[in-house]
A.B. asks: 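Got a structure here, written out as structure tokens. Questions coming.
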Amino acid sequence: MPAGKKSVKVKTPNGKEAELSPEKVWLLAPKGRKGVKIGLFKDPESGKYFRHKLPDDYPM
DNA sequence: ATAATTGT
DNA sequence: ACAATTAT
């Protein structure tokens with residue numbers, strides 16, 4: 001797989017587990033802190049967008 | 001303009 | 001409270 005399009009197991013807004021690839025990935029971190037990686041996903045069931053934490057080692 | 005996302 | 005992002 002091309003780097004940067006890996007899928008992740010995430011909890012959708014409907015409470016279902018799904019293996020999805022984020023449309024966007026970024027680091028959410030205050031200055032001087034580690035923060036968390038966040039992905040923007042679209043739930044294929046509902047079509048709703050949602051944000052979810054990514055593993056710290058998720059490729060950016 | 002706001003909600004929502006995590007961890008410190 | 002703070003950080004970035006963007007669909008709503």
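Just so it is clear: chains get the letters A, B, ... in the order the sequence lines come, proteins before strands, and each one is counted from 1. Just so you know, these numbers come straight off a predicted model, no measurement behind them.
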A.B. asks: Start at the 5' end of DNA chain C and walk down; is the nucleotide closest to A/K24 or to A/K31 reached first?
C.D. replies: A/K31

A.B. asks: With sequence neighbours excluded, what pairs up with A/K31 under the side-chain contact (heavy atoms from CB on, under 4.5 Å) test?
C.D. replies: none

A.B. asks: Pairs of donor and acceptor atoms involving the side chains of residues 41-48 of chain A, under 3.5 Å and at least two apart or interchain, shall be tabulated with distances.
C.D. replies:
| unit_1 | atom_1 | unit_2 | atom_2 | d |
| --- | --- | --- | --- | --- |
| A/K42 | NZ | A/Y49 | OH | 3.1 |
| A/D43 | OD1 | A/E45 | N | 3.1 |
| A/D43 | OD2 | A/S46 | OG | 3.0 |
| A/S46 | OG | A/K48 | N | 3.1 |

A.B. asks: Among pairs that include at least one residue of residues 7-27 of chain A, which meet ring pair (Phe, Tyr, Trp, His ring centres under 6.0 Å), considering only residues two or more places apart or in two chains?
C.D. replies: none

A.B. asks: Between A/V36 and A/E23, just flag the one whose closest nucleotide in DNA chain C comes earlier from the 5' side.
C.D. replies: A/V36

A.B. asks: For DNA chain C, note the earliest and the latest nucleotide, 5' to 3', having some atom under 4.0 Å of a heavy atom belonging to chain A.
C.D. replies: C/dA1 to C/dT8

A.B. asks: Once you apply a heavy-atom cut-off of 4.0 Å, does A/K37 come out as touching a base, just sugar-phosphate, or nothing?
C.D. replies: nothing

A.B. asks: Applying side chain to side chain donor-acceptor pair (under 3.5 Å), can you list everything that pairs with A/E17, at least two apart in sequence or on another chain?
C.D. replies: none

A.B. asks: Determine, using the 4.5 Å side-chain heavy-atom cutoff (strictly less than), whether A/V10 and A/V36 are members of one ILVMFWY cluster.
C.D. replies: no

A.B. asks: Among A/L40, A/I38, A/L54, find the residue that satisfies the side-chain contact (heavy atoms from CB on, under 4.5 Å) test when tested with A/V25.
C.D. replies: A/L54

A.B. asks: How close do A/T12 and A/F50 get, heavy atom to heavy atom, and via which atoms?
C.D. replies: CA-CZ, 4.1 Å

A.B. asks: Do any N or O atoms of the protein come closer than 3.5 Å to N or O atoms of nucleotides 2-5 of chain B, and which pairs are they?
C.D. replies:
none

A.B. asks: Any pair with a residue in residues 51-60 of chain A that passes salt bridge (charged side-chain N to carboxylate O under 4.0 Å, His left out), sequence neighbours left out, goes on the list, sorted by first then second residue, please.
C.D. replies: A/K34-A/D56, A/K53-A/D56

